[in-house]
Amino acid sequence: MAGFDKVVSSYAEAMAGLTDNMTVIAGGFGLCGIPEGLIGQIKRMGVTGLTVVSNNCGVDGFGLGILLEDRQIKKMVASYVGENALFEKQLLSGELEVELTPQGTLAEKMRAGGAGIPAFYTATGYGTPVGEGKEVREFNGRPYILEESITGDFAIVKAWKADRYGNCVYRHTAQNFNPMAATAGKITVVEVEEIVEPGEIPPSQIQTPGIYVDRVIKGSFEKRIERKVTRSA
Amino acid sequence: MAGFDKVVSSYAEAMAGLTDNMTVIAGGFGLCGIPEGLIGQIKRMGVTGLTVVSNNCGVDGFGLGILLEDRQIKKMVASYVGENALFEKQLLSGELEVELTPQGTLAEKMRAGGAGIPAFYTATGYGTPVGEGKEVREFNGRPYILEESITGDFAIVKAWKADRYGNCVYRHTAQNFNPMAATAGKITVVEVEEIVEPGEIPPSQIQTPGIYVDRVIKGSFEKRIERKVTRSA
Amino acid sequence: MALSREQIAMRVAQEFKDGSYINLGIGIPTLAANYVPEGITVMLQSENGLLGMGPYPTEEQVDADMINAGKETVTASTGASIFSSAESFAMIRGGHVDITVLGAFEVDQQGNIASWMIPGKLVKGMGGAMDLVAGAKNIIVTMTHADKHGQSKLLEQCTLPLTGVNCINRIITDLAMLEIRDNAFYLLERAPGVSVDEIRQKTAGKLIIEGDIPEMQF
Amino acid sequence: MALSREQIAMRVAQEFKDGSYINLGIGIPTLAANYVPEGITVMLQSENGLLGMGPYPTEEQVDADMINAGKETVTASTGASIFSSAESFAMIRGGHVDITVLGAFEVDQQGNIASWMIPGKLVKGMGGAMDLVAGAKNIIVTMTHADKHGQSKLLEQCTLPLTGVNCINRIITDLAMLEIRDNAFYLLERAPGVSVDEIRQKTAGKLIIEGDIPEMQF
């Protein structure tokens with residue numbers, strides 16, 4: 001089992017090799033399903049000039065938002081940002097660059113990156129600022145734009161459980177971008193709530209096969225809720 | 001629930017609307033995970049001129065092979081064929097047209113068809129007969145060819161269980177091409193071993209969400225094995 | 001009388017057919033879920049990866065791992081499925097969602113929509129809106145007919161950066177329901193007590209009025 | 001002495017590293033699974049959707065829903081995962097499989113491979129071979145060095161329709177192990193008792209022989 005045992009015991013080990021100016025792909029949607037401890041480790045490492053690819057950029061003081069505090073992010077590729085004041089400030093001052101990407105195109109770019117598809121056509125964004133400068137081609141009479149895939153030096157992923165081989169399952173809607181991110185990193189690190197033994201997750205229920213995963217770490221999570229809305233029981 | 005109850009009670013209902021010269025996408029790998037009863041119904045309906053998209057074309061007398069007996073298939077899109085003598089005969093006599101497509105490209109063409117991606121680039125087949133006549137483009141210094149997606153008038157799918165809403169799970173390697181086929185049919189028909197009530201399959205374990213599925217039928221399966229190989233216990 | 005937000009949502013919900021898969025945007029569209037006609041069942045798609053969105057949770061049901069596309073805590077309905085963002089947008093882009101309802105700043109008579117960016121104001125992003133308008137078979141836009149300065153939002157041509165082109169079928173405003181085809185807005189219904197004249201005044205794009213225009217029924 | 005099929009498979013298995021994900025083609029490559037060196041664990045990928053292929057089943061374990069890419073009944077090893085064909089080829093095409101071993105009709109000094117089609121003979125299809133050679137990081141070809149008429153299969157340029165271009169790194173034949181780089185075959189090892197001369201005679205492409213060529217060790 002040694003060769004496939006991907007469990008590491010410290011965040012330092014988990015993110016070893018991350019250096020300035022790298023591209024990091026992060027799973028998560030808002031604050032849901034984010035690799036909290038791995039983000040914290042990136043902050044502690046102090047690396048800068050990062051390009052971060054993630055649907056959102058956290059909030060002030062939580063999630064990817066904490067990487068803004070020491071200006072570690074140079075460029076953000078995301079579909080929706082600005083849930084935090086610091087992001088807005090750095091964007092307006094020109095310290096931070098943003099590449100806004102439609103949410104579905106972003107998900108597909110990550111999947112394509114992991115799947116060896118360098119580019120694909122989509123109708124999403126045609127005729128809008130997103131399509132500017134991109135090749136347009138008609139298929140069956142409808143115009144589509146060419147979008148290139150994304151890969152990262154690192155992918156940071158939050159899963160519910162992983163076995164020692166890196167086989168992962170996600171919990172509820174904390175799945176979101178995590179499975180695609182997991183495929184698209186040169187080094188993919190998964191932070192989980194629970195590590196189990198190989199064989200405990202039935203083969204057909206594995207959502208990210210371990211072949212995509214390089215390191216697994218057991219994290220502890222605050223799981224902050226962005227918008228708690230309830231009804232009376 | 002009425003609006004989402006997709007269960008039909010006869011094969012005639014399941015395949016209603018299938019007419020000559022349509023394109024049918026079929027799940028399955030060899031004889032594993034094939035919609036046996038739906039194929040039988042196509043044979044009984046006697047429709048001809050079909051384009052069938054499936055990784056293989058069954059064997060003599062079983063699976064898609066039975067559609068050759070009355071020359072119902074005009075064109076086969078597949079990655080590996082000729083496990084049956086009748087196929088070979090019709091191919092050599094020019095009665096049957098074959099478009100050989102690499103297995104991974106075939107899977108991706110179905111997925112892309114269902115996902116609204118009209119075309120994608122892949123390195124698979126570049127420099128080979130598969131790449132002839134296709135656009136070549138370099139990304140990061142490597143040449144890729146452009147492949148277009150596939151959709152069908154019908155998709156016929158074999159799942160293990162489905163609930164009344166059409167949410168499906170597959171059993172072991174009988175999954176294969178079935179989830180992609182399910183997304184790529186204008187009308188998608190799923191033949192299952194067991195119909196369960198909505199809610200019985202946990203939401204995160206559903207492999208084909210019901211939104212892709214139009215009709216569900218409980219079938220009965222022979223599950224013929226193509227190459228039984230065993231070891232002594 | 002111009003419709004309230006709730007009334008717009010009610011009229012939207014009348015468009016729902018039994019067995020429809022529907023994606024509701026933030027704001028008025030989300031309210032439509034409260035007015036699904038009796039005897040009809042719909043399934044709500046939330047683009048972060050949930051098909052079959054249920055009601056908000058009770059205090060005890062709150063789960064940080066269970067949210068909707070608006071990042072609010074939610075529940076799953078019976079028969080729901082949960083999947084990745086790639087799968088979610090495969091559904092959307094692939095045209096499997098029957099109806100999408102979303103808000104807009106402007107719509108024009110070509111069916112173009114502008115809903116995500118006002119130059120000079122901070123741009124927060126398009127989220128999933130561009131995918132939704134490119135993929136859905138049937139798109140309903142909800143908005144006020146005119147802005148707070150009385151300027152029409154139904155234009156000959158959108159002035160703001162677009163979210164999608166040639167994609168909007170139907171508009172339900174506080175004043176009227178309209179259909180877009182043949183490069184024009186066809187007036188289908190008017191809000192109770194709102195005159196055709198008022199709608200004409202507040203529609204900058206080409207407006208077609210054929211015969212008597214009925215009032216909306218609630 | 002030329003190697004037997006089993007010996008070729010044994011030599012292939014020596015290339016496996018602990019923790020490798022490996023796809024083995026039909027024939028000799030599949031045999032390599034029987035000779036994985038002690039102390040090393042590998043996971044076998046079967047392109048129909050199984051990562052972690054186990055041994056053949058016992059009579060009692062036979063399950064029609066559990067097959068490999070050769071359509072043979074198989075089992076899953078501990079820690080295996082099962083997935084769709086799209087996911088399986090995402091793995092393959094995306095370069096996540098460490099080693100692919102497959103047979104061939106011809107290989108040339110540019111690293112091109114022909115393995116699926118002989119004009120004039122019935123073509124059964126490429127299956128997953130084109131995806132595998134386009135995607136794997138490290139590809140090992142196993143074949144006899146020459147055909148039954150003594151004609152070399154290691155050519156300056158392939159004569160048959162290709163399966164992939166510039167993709168083959170290593171060849172293990174019944175006579176030798178060679179590496180392809182800089183537009184040439186580099187002889188690395190020879191089968192026990194086989195002379196460099198014999199290998200030279202049976203290699204039509206450019207062959208580089210640097211220093212003493214060691215015999216394979218079993």
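Model, not experiment: these values are computed from the prediction.
With chain A as the partner, the residue from Leu162(C), Thr58(C), Asp131(C) showing the most heavy-atom pairs under 4.5 Å is Asp131(C). Across Lys71(C), Glu60(C), Glu47(C), Arg93(C), the residue that shares the most heavy-atom pairs under 4.5 angstrom with chain A is Lys71(C). Contact count versus chain A (heavy atoms, under 4.5 Å) is highest, among Gly135(C), Gly49(C), Gly70(C), for Gly70(C). Counting heavy-atom pairs under 4.5 Å between each of Pro161(C), Ala76(C), Pro55(C) and chain A puts Pro55(C) at the top. Options Arg224(A), Glu88(A), Arg171(A) differ in how many heavy-atom pairs under 4.5 Å they form with chain C, and the most are formed by Arg171(A). Highest contact tally toward chain A, considering only Val123(C), Ile82(C), Val133(C), is held by Ile82(C) [criterion: heavy-atom pairs under 4.5 Å]. Your options are Ser79(A), Gly127(A), Gly33(A), and the one with the most heavy-atom pairs under 4.5 Å with chain C is Ser79(A). Taking Arg231(A), His172(A), Gln175(A) one by one and counting their heavy-atom pairs under 4.5 Å with chain C, the maximum is reached by Arg231(A).
With a 4.5 angstrom heavy-atom cutoff, Pro102(A) touches chain C via backbone and side-chain atoms both. Neither the backbone nor the side chain of Asn112(C) comes within less than 4.5 Å of any heavy atom of chain A. When heavy atoms are compared at a cutoff of 4.5 Å, Leu122(C) approaches chain A solely by way of its side chain, counted from C-beta outward. Only the side chain of Leu91(A) has a heavy atom closer than 4.5 Å to any heavy atom of chain C. The part of Gln61(C) that comes within reach of chain A is its side chain, from C-beta onward, which places non-hydrogen atoms under 4.5 angstrom from that chain. Proximity to chain A involves both the backbone and the side chain of Ser84(C), based on heavy atoms less than 4.5 angstrom apart. Interface remark: Leu106(A) contributes no atoms to any contact with chain C (heavy atom separation under 4.5 Å).
Residue Ile145(A) comes nearest to Thr124(A) through the heavy atom pair CD1-O, 3.3 Å, listed as atom of the first residue, atom of the second, then distance.
Ring centers of Tyr126(A) and Tyr144(A): at least 6.0 Å apart, outside the cut-off.
Residues Ser152(C) and His145(C) have side chains that never bring a donor and an acceptor to within less than 3.5 angstrom of each other. Looking at Glu191(A) and Tyr11(A), their side chains do bring a donor and an acceptor atom within 3.5 Å of each other. Of the N and O atoms on the side chains of Gln110(C) and Asn183(C), at least one donor lies less than 3.5 Å from an acceptor on the other residue.
For Arg181(C) and Tyr186(C), the positive end sits near the middle of the six-membered ring, less than 6.0 Å away and at most 45° from its axis.
A side-chain donor-acceptor contact under 3.5 Å links Asn56(A) to the backbone of Tyr80(A). Under the 3.5 Å distance criterion, the side-chain polar atoms of Asp214(A) are matched with a main-chain donor or acceptor of Thr188(A). No donor-acceptor distance shorter than 3.5 angstrom exists from the side chain of Ser20(C) to the backbone of Ile22(C), with no hydrogens or angles considered. A donor-acceptor contact shorter than 3.5 Å links the side chain of Asp63(C) to the backbone of Asp65(C).
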